[in-house]
Structure formats: C-alpha cells, structure tokens
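The next block holds one structure in the form of structure tokens; read it before the comments.
Since the model is a prediction, treat every value here as computed from it, not as a measurement.
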Amino acid sequence: MESIIEVVVGIGPRLAKCIFHIMESHYTSKVANLRDQVGELNNAIRNMRDRADEAKGNGEVIMDGVQRWLESATEISRRAEDFPNVNRDRANVSCCNVQIPNLVSRRKLSREAKQMVEDLQREIQAAQGFNVVAARPALQTVIAMRGDYEDFGSRKTILEDIMKALQDRNVSRIGIYGIGGIGKTTLAKEVARQVEKAKLFTEVAITTVSRPPDFSRMQREIAEKIGLDFRGLESIPARADRLQRRLKEEKSILIILDDIWEKLDLIEVGIHLENEGCKMLMTSRDRDVLGFMGTNQNIRVDDLQDDEAMNLFKKIVGDIVEKTDFMRLATDVVRECGRLPLAITTVAYALKSRDDLSVWTDALMQLQNSAPTNIDVALKNFYPSIKLSYEFLRSAEEKSLLLLCSLFGEDRDITVEDLIMCSVGLDLFPNVHTLAHLRIRVKSLIVRLKACCLLLDGDRGDGVKMHDVIRDVALSIASGEGGMHSVVLKKKEDCRNLKMKKLKDSKVLSLLPYSNFDQLPERLECSELELFLLLSDQRKCIPIPNHLLDESKDRLRSLFFEQANLVSVPPSFHSLQNLQTLRLRGCVLEDVNFIGDLKNLQILDLSVSTIKQLPIKVGNLSRLQLLNLKGCRDLKLIEPKVISNLIQLEELYISEYFDKWEVGEVDVSRKSNVNLAEIENLPQLTSVSLRVPDAKTFPKDFKFSEKLERYRILIGDPLGYLDSTGISRSLLLNLHERSQLTALGLESLMKRSEGLLLDGLIDVKNVVYDLDREGFCDLKRLHLRHSDGVQYIVDCVDQQIHPHKAFPVLEILRLSGLRNLERICHGKLPEDSFKNLRQVTVWRCDKLKNVFPLSIFKRLHSVDVSDCEMMEEIVGHVRSEDDGAVEFPELRSLHLRNLPKMVRFMSWSEAEAAGGSSSVESPEPLFGEKVI
C-alpha cells in the first residue's frame, strides 16, 4: 500500500504539471490562432479598401454591403487585436507578486477566442463573396425635374399622344421628329419625367446619339441607369452582348434615344428590346430615319403658335414688351425667329435688360440681313438668331469662350479645367495673372453664357454642354472669324480634309477621332497653329506620328492629347519652346524628360497617364503654375527637389495612388522620394490634392498653409465614403487626437471645408463645441465614423456654448460606428441649423435612441438607419404646435433595418420619449394614425 501511495505521490505533481502545460498551451495556441486570423482579416480589409479606393477614384459609388463589411470587419479586427491585452488580468493571477496563469479563466478565454476566430473567419469568407465592390452612380439628369419644359397648348396635345402611345400594347417604338431646335429633346425629357412620376416603367434610360454616334458612350449611359457594370470589357461588341443579356431581364423599361441622324444597328449597340413591356422613344430631325429604325408611330413637333411664340419671348424679356414701340419690334423679331423655341430663347436673352429702342431695331436689322453663304442648309433657320445672340454678348472674352466650347466633341461635358487650359495658351485674359483669378473669371463667364442659353448644364460637377444646333453655328462662326476648326476623324479618308486651305491657316484645330480610328496623318501642314487638341475618349490609345507637329512647333502654345500613345516621343516635342499648356491626359508615357526642356510651360497635366516617375528635369520649369498628376496609378517616384523648385506653383494635384512620401532627410545613397516639407515651402500654393497614408510621415512642425483655397487632403487612410462632386474643399482624416489637427494646421482648413470625413477620433465629445464653435458654416457633407468619444453632434443645452447656428448648409450626414453617441441634437437648436439637410445615414450607433426632431426630419429626402441596438424611434418628441396630422412631403427613401428596440416611428409626448420601450406594454402600429 505504501508503495502505491509513493507511486501516486510521485506521479501527482508530474501529472498536474502535464495538465497545467496542456491547458496553458491550449490557451496560447488559441491566442496565436486568433492573431493569425486577425492578420488574414487585415489583409482582406486592406485589399477591399484598395479596391474601394480605386473604384472611388473612378467616380463609382461603393456598395452598401461592401461599406458595411469594411466597417464591421474593422470593428471585429480591432476587438480581436485588443483581446490579449484587454484580458491580461483575467488570464493571470497574482501570487507573491508573481503573475501565474489562471487556468479557470484561460479556459473561458479560450472559448471566447475560439468564438472570435469563427467571427473572423466568417468575415474573411464574406470578403471573398464580393466580386464587385462598387457601381457607377445613376446620373442625376434633368429628367428628375421639370427643367425648361413649357406647357404650351400645341405641346400638350403632342405630349398626350406620346403618353398614350407608351401605354398602347401594340406600339413598341415611338418617334418624335421636327427640325433642330424645335424642342424635341426638351419634350423627350418631359416624357421621361412624367413616366417616372407615374411609374409607367420600372426604369427610364436616356442617351444622346449625336453625329457621328458614339456607341461606347451610349452603352455606358444606359448601363449606368440600370446598374450594369462593364468592368473588364473593352470592346463595343463585348459590351453590347452584356447589355443585351441584361436588358432581356428587364420586364418594363423605356429607353430614349435622342438626336438620331442615321439608321442605327440596335443589336450592335446591345439595346434591341424584345420583351413586350419594354419600349423605345426616339427623336430625329428626319422622319425617314425614324422609319428606318422601325417606329410604329411617329409624332411631328411643329413650330409654336403665334401667341405661344410671343408669350415665350415676353416671359424672358419682361414687361418692356408691353410698350407700344417695343411690342411692334418684338412681333417682327419673333417672326424672324421662325417661331422656333431655341431661336426665340437665344434672341430674347440677348435683348433682356436692353431698354434702348435703337438696340432692338439694330437686332431686328441683323436678323433680317444675316445671310451666311458657307453654312449648312439645315442651320439657315437658326444662324441669324444665334449669330445675333453671339454678337450681343457683352465682351470679347464671352465670345472667345463660347467658340472654344464648340471645339469639344458633340454632347461632351466641358470642364472649367478644359477652358482654363485653353485660355492660358491663347492668352485670352491678358490682365489675369493667377489661376485662382482665372478660375473665377471662367466660371463667371460660364454663368453669363448659361444665362444667355448658349451653354447648358453638364452631367457632372461644374461641367457644361452645348446644344448641337448652337455648337454647329458657333463652329461656323469660329471657322469664319477666329481661324478655329474642328474635324471629326471617322475613316482614313478624313485625314485628306486636313490638307484643305482653310485648315492650313488654322490657329486652333481640334481633331475628334471616332470609334476605332487609329491612324493620324504623318504631318499637319498648319504652320500658324497655336492650339492643338486631340480629343479622344477611346480606350485604345492612338499612336502619334513622329512628324505630326514639325510645321507647328514654332508657334504652338497649347497642346492637348487625350488617350494617345507616346511611348516614343516625337523629336519635335523637344523644340516646343513657346508651349505654355501641355495636357497628356490618359496617355501612355515612359520617358518624360523632354518636359524639362519646355521652359515656358505654365500648365502641365499628366492625369490618368502611365507615368512611373517625375524626373528631376521637371524641376527646371520655373514658370509652372499647375501640376496635375491625378489618377496616375503607376507613379512611384517623385524625385527630391522637383516640387520645391517649382516656386510659381499655384495648384498641385498628386495622384491618390502615390504613397511613397520620404520620411526624414533625403538619403543620397539610394533613390529617394519627395518629402512633404517641399509642399509646405511653396509660397504661391492655393490648391492641393494629396493622400498621406501615415500621419507620422509629416515632418516636425509641418503645417498646411491657411492660404489654401481649394483642397482635397486624405490623411491616415480613413475608411468610409465622401462624395466630393461639386465641392472644392474637403478633408478625409483618420486621426485619433485633436492635437494632431492643431499640429498639422488642419483646424482652420476644417472650419472652411465643404466636405469632411473624420475617422477614429477618441477625444471629441461634442463635435461642434470641440471642433468648430462657429457651427461648420461651410460644411455640406459630413461623415463621422468610429469616433468613440463622440456623445453629441450638437449640444445646445448650454446656450452660452452654442450661440451660433449649426451646420446651416449641410446636405448629407453619415454617422457610422459611433458607439457612445447619445443624441445628434441635445437641447434646442438655434434657428436655421440643419436647414439644408437632405440625406441622413446612421449605422451602428448603439446608444442613440432617435434621429432628429420633426422640424428637421420634415425636410429630409433620404433616411437610412440600421444596426442601432437602442434605437426606439426615428423622430423625436413632437411639439404641441405640431400636434395633428404629420406629413413628410420631401421624403423619397426610408430604410430601417435591424433595430431591435424600435417601437414607434415618432413619439407624441415627452413622457413617451423619456420612458423608452419599457413603457410600452403592448405592440402599437409603427406609424401612428397621425402620420400620413
């Protein structure tokens, strides 16, 4: 027996030690596995973020599922990374001042770690399911609004006929025809608006065909409307096949093809509709063309009636028409305009605010005597009226800018940057010496030309377009008066036109390659050329012949190439000593050292090109005012001293893909990169766009200049999305402490920002009080995410703290992962706070119980609230003066998801709002009977 006891006593400690080590290693292995899975998930997050950033750089909108996955995965990864440190005290026990493993706790922690590993693996697996992370946003076209449509009696009958035809099962293709400028496009857009309002079709897509038809653009515009992605498809046939397959799935869609000039092969485009509920509406100047397109019913648009034409004219020019002398002239002017809406509108705006009878008399005489001999017969009805509007422009600057716009392709969005770059080379504004002043001047002229109905709003941002009739007349004027010409290159034979006498004397020439055109002439015989534009939106880059510009090199001042192959740079490029503007957008580039020889260059745009490095020779451009490297994915090296040597630089746009900023002093023993200190030392800089993934990259004492007027600055790679369309000042920051904002000089920029994304701030409790006590007066878009210190967006309980209105121009608000946010608005808001707010998104704000008071909620267009654990209601306490029926006239979209504590849409008493869900003993309707 004693021997047995001895054996047991001998084995016991060893057995205990063995069990101890097994349990210890079990916990250790679980934690190690947890770390491995965290690493894998972080790789997946980085990969997803890179894909999302690339998509955003292409103007696409990140899908909600991807955005939610990024935020959810980041949160889980953060908790898993903190797991060992947070639970260190639980995992160990102190004994005689020595930390030893707590086996009981470690067993529980092992189970928790195992569960966390499963959560991580689930997120990793979910990431693999996102084949597509983004989609192009639906275009905000004018069909959503009434626009320029005038409800004339003659048009009302036509509109009714079209709407009836759209509802006729025996009619699948409807045609609208009439001469140019008669109002076909306006009518088609009004049809689209009414169809959407009446929900006759599930989708309405509109595209302009133009001359010559651009199949690639047509496919893209229709695909954007129906949410189809052409990613990876380059050729028109491949896109057509995918588009056709997608349209076969549509049960009810209306496709509007505007401005058809010749028979189109719809199968070649990919829009041959086969389902019974799908229809087409087409507009053309030629009824026979509509017949070739197989229309079942064609509807003619005629001139306005006499009284309609006069009423349109009166509506624009005002009461002055009521005076007898002016009335007589007005009648004659309207008659000369041929009762055509476009002609009447352009002339009326030219005469608006002109109260001198002699001016009106002169205008009538010009209309009667204008007889151009070199203009297309189709334009003869319009030439006098549009030419008169041109002559009535107040300045030579307005005229020059209008003619410049005509050089760009038909139906193309023309940007402010396009016009700035052209005007610098042509010296259109000799008394304007800075780009900031020039930008203001160009924008003001655009406003004036829009007011005269000579330019239209573009599809995106601040771009503009020209009506095709106005463009054709402007081109005729440009070729006759300004030595400006635009040539469409559709086939090789078109190159022969470039040898015509009038083109040889051109001062300005734009070439518009069409479709698969890829062979430019070997030499341009244009010795007087000052501005040359090669404007192509093809995906395949056009090779540039070696001697293309040999005869133009001495006088050329502006050179625009888009989608050109410049792997082999023509020798004449080194000799362009008078060149002031060089745009090589989307071009294939390798060696760009030649740019350093262009000593007079003021604007250099290499955006979306394949440039890999910016060589030291570029630093020789002492007169350079603008450097654009946006969208250069392959850019890895910007040599030291290049940026800092550009002492006249006013605008600097660094690729969002560039992240190789040098830290510390330049190392001469290796290939070094640019240091951020070089940007700080540019004395003239007013506009900047850059991305700095790590805030530690900034040199000590670095500060952004308060002189910056336009900026888009990303620091710390924040997650989340901020749409910068139409705004010029935005910050996207992943910083943890307010002191970093101060240290980098970002506080003053933030107060002037129009767009702001803040990610990860931990020491901000009251957003307005802590960050801008004046209430963010310029901010239009705000996204706050994972800032755990935030308790209130606006705390107005103490009126001494917030005497100012808060967010008076804010349009879009996104709140994501604010775990300690209790209220968006605490206390009574100052008047005019949030008065422009239209879109609100709230996600994973677990302490938030409601969103906004009724006074603000009534103005919202879109509301999305999801995954908020404590959310009980959407609209807070309704005041007594609001008691009664409640309407939400502006609300177009409401999404409520995963709100487990939600019991009502709004509270009707303070007690109800304060009592929470616990006071509700039985279920009640989500929307009370007062909500209508």
Open item on the list: Ignoring hydrogens and geometry beyond distance, is a side-chain donor-acceptor pair present between S172 and N296 at under 3.5 Å?
Closed with: yes
- [ ] Could you tell me whether K164 and E160 make a salt bridge, using a distance below 4.0 angstrom between a side-chain N and a carboxylate O?
- [x] no
Task: Test: D214 and R412 ion pair at under 4.0 Å - done: no
TODO: Please test D864 against T841 for side chain to side chain donor-acceptor pair (under 3.5 Å), starting from the C-alpha separation and ending with a verdict.
DONE: CA-CA 5 Å; D864 189 323; T841 302; 5.4 Å; no
Open item on the list: Is it the case that the side chain of K184 and the backbone of I176 share a donor-acceptor pair, with hydrogens and angles ignored and the cut-off at 3.5 Å?
Closed with: no
Open item on the list: For a 4.5 angstrom cut-off between non-hydrogen side-chain atoms, does F392 reach L351?
Closed with: yes
Task: Side chain T202, main chain S252, donor-acceptor under 3.5 Å - done: yes
Task: Heavy-atom side-chain proximity of M282 to R173 below 4.5 angstrom - done: yes
- [ ] Look at the side chain of Q167 and the backbone N and O of M163, then say whether any donor-acceptor pair between them is shorter than 3.5 Å.
- [x] yes
Open item on the list: Any non-hydrogen side-chain atom of V464 less than 4.5 Å from a side-chain atom of L456?
Closed with: no
Task: Residues which pass side chain to side chain donor-acceptor pair (under 3.5 Å) with K248, listed by chain and number, not counting sequence neighbours - done: none
TODO: Test side chain to side chain donor-acceptor pair (under 3.5 Å) on S536 and Q563 and set out the steps.
DONE: CA-CA 6 Å; S536 170; Q563 300 298 114; over 6 Å; no
Open item on the list: Counting only heavy atoms not in K450 (residues, nucleotides, ligands), do more than 12 fall under 6.0 Å from its NZ?
Closed with: yes
Open item on the list: Could you check whether any side-chain N or O of Q219 sits under 3.5 Å from a backbone N or O of V269, counting only pairs where one atom can act as donor and the other as acceptor?
Closed with: yes
- [ ] Give a yes or no on whether the backbone of N298 and the side-chain of T295 come within a donor-acceptor separation of less than 3.5 Å.
- [x] no
Task: More than 12 heavy atoms of other groups within 6.0 Å of R897 CZ - done: yes
Task: Worked check of side-chain contact (heavy atoms from CB on, under 4.5 Å) between L894 and F888 - done: CA-CA 11 Å; L894 176 65; F888 300 101; over 6 Å; no
Open item on the list: I'd like to check Q839 versus L860 (side-chain heavy atoms, cut-off strictly below 4.5 Å). Are they in contact?
Closed with: no
- [ ] Starting from the C-alpha separation in whole Å, work towards a yes-or-no answer on side-chain contact (heavy atoms from CB on, under 4.5 Å) for E190 and L159.
- [x] CA-CA 8 Å; E190 176 62 15; L159 184 61; 4.1 Å; yes
TODO: For D259, enumerate each residue passing the salt bridge (Lys or Arg N to Asp or Glu O under 4.0 Å) test, keeping only those at least two apart in sequence or located in another chain.
DONE: none
Task: V204: which of I255, V191, V195, I253 passes side chain to side chain contact (heavy atoms under 4.5 Å, CB included) - done: V195
Open item on the list: Applying side-chain contact (heavy atoms from CB on, under 4.5 Å) to Y177 and T283, what does each step give before you reach the verdict?
Closed with: CA-CA 6 Å; Y177 69 98; T283 77; over 6 Å; no
Open item on the list: Salt bridge or not between R239 and D241? Use side-chain N to carboxylate O under 4.0 Å.
Closed with: no
Open item on the list: Within this structure, what is the CG-CZ distance for the pair D161 and R300, rounded to the nearest 0.5 Å?
Closed with: 14.5 Å
Open item on the list: A quick test of your reading: do over 12 heavy atoms of other residues, nucleotides or ligands sit less than 6.0 Å from CZ of R287?
Closed with: no
Open item on the list: Quick check for you: to the nearest 0.5 Å, what is the distance between I299 atom CD1 and I158 atom CD1?
Closed with: 8.0 Å
- [ ] Hey, could you give me the OG/CG distance between S486 and L512, rounded to the nearest 0.5 Å?
- [x] 4.0 Å
Task: Set of side-chain contact (heavy atoms from CB on, under 4.5 Å) partners for D265, sequence neighbours left out - done: I267, E268
Task: Nearest-0.5 Å distance that lies between atom CG in L393 and atom CD in E398 - done: 5.0 Å
Open item on the list: Which residues pass the side chain to side chain donor-acceptor pair (under 3.5 Å) test with D288, not counting sequence neighbours?
Closed with: none
Task: Side chain proximity check, V508 to H485, heavy atoms < 4.5 angstrom - done: no
- [ ] Let me see the working for I271 and M280 under side-chain contact (heavy atoms from CB on, under 4.5 Å), right down to the final yes or no.
- [x] CA-CA 10 Å; I271 53 174; M280 272 190 186; 4.0 Å; yes
Open item on the list: Run T725 and D723 through side chain to side chain donor-acceptor pair (under 3.5 Å) and show every step you take.
Closed with: CA-CA 6 Å; T725 305; D723 181 10; 2.8 Å; yes
- [ ] Report yes if some heavy atom in the side chain of L233 is under 4.5 Å from a heavy atom in the side chain of R242; otherwise report no.
- [x] yes
TODO: Determine, for R169 against E276, whether the closest basic-nitrogen to carboxylate-oxygen distance falls under 4.0 angstrom.
DONE: yes
TODO: Please round to the nearest 0.5 Å and tell me the distance separating atom CG of L455 and atom NE2 of H467.
DONE: 12.5 Å
TODO: For the pair E262 and R285, find out whether any cationic side-chain nitrogen is under 4.0 Å from an anionic carboxylate oxygen.
DONE: no
Task: Which atom of L404 lies closest to which atom of C422, heavy atoms considered - done: CD1-CB, 3.8 Å
TODO: Write down the atom of G586, the atom of C541, and the distance for their closest heavy-atom approach.
DONE: O-SG, 3.7 Å
Task: For Y349, ring pair (Phe, Tyr, Trp, His ring centres under 6.0 Å) partners two or more places apart - done: none
Open item on the list: To the closest 0.5 Å, what do you measure between OH (Y390) and OG1 (T346)?
Closed with: 14.5 Å
Task: Under-4.0 Å salt bridge between K780 and E811 - done: no
Task: Heavy-atom donor-acceptor pair, R471 side chain to M466 backbone, under 3.5 Å - done: no
TODO: Decide yes or no for M293 and L264: does some side-chain heavy atom of the first lie under 4.5 Å from some side-chain heavy atom of the second?
DONE: yes
Task: For E391, all residues meeting side-chain contact (heavy atoms from CB on, under 4.5 Å), sequence neighbours excluded - done: Q366, K387, K399, E481
Task: Polar side-chain atom of K263 near backbone of G291 as donor-acceptor pair, under 3.5 Å - done: no
TODO: For side chain to side chain donor-acceptor pair (under 3.5 Å), just list the numbers for S154 and E308, CA-CA rounded to whole Å, side-chain angles, deciding distance to a tenth of an Å, and then say yes or no.
DONE: CA-CA 8 Å; S154 60; E308 293 172 339; 2.7 Å; yes
Open item on the list: Taking E203's backbone N and O only, do any of them form a donor-acceptor pair with K225's side chain (distance below 3.5 Å, no angle check)?
Closed with: no
Open item on the list: For a salt bridge (Lys or Arg N to Asp or Glu O under 4.0 Å) check, start with the C-alpha distance between E562 and R585, then their side-chain angles and the critical distance, and finish with the verdict.
Closed with: CA-CA 5 Å; E562 293 184 356; R585 180 177 175 82; 5.1 Å; no
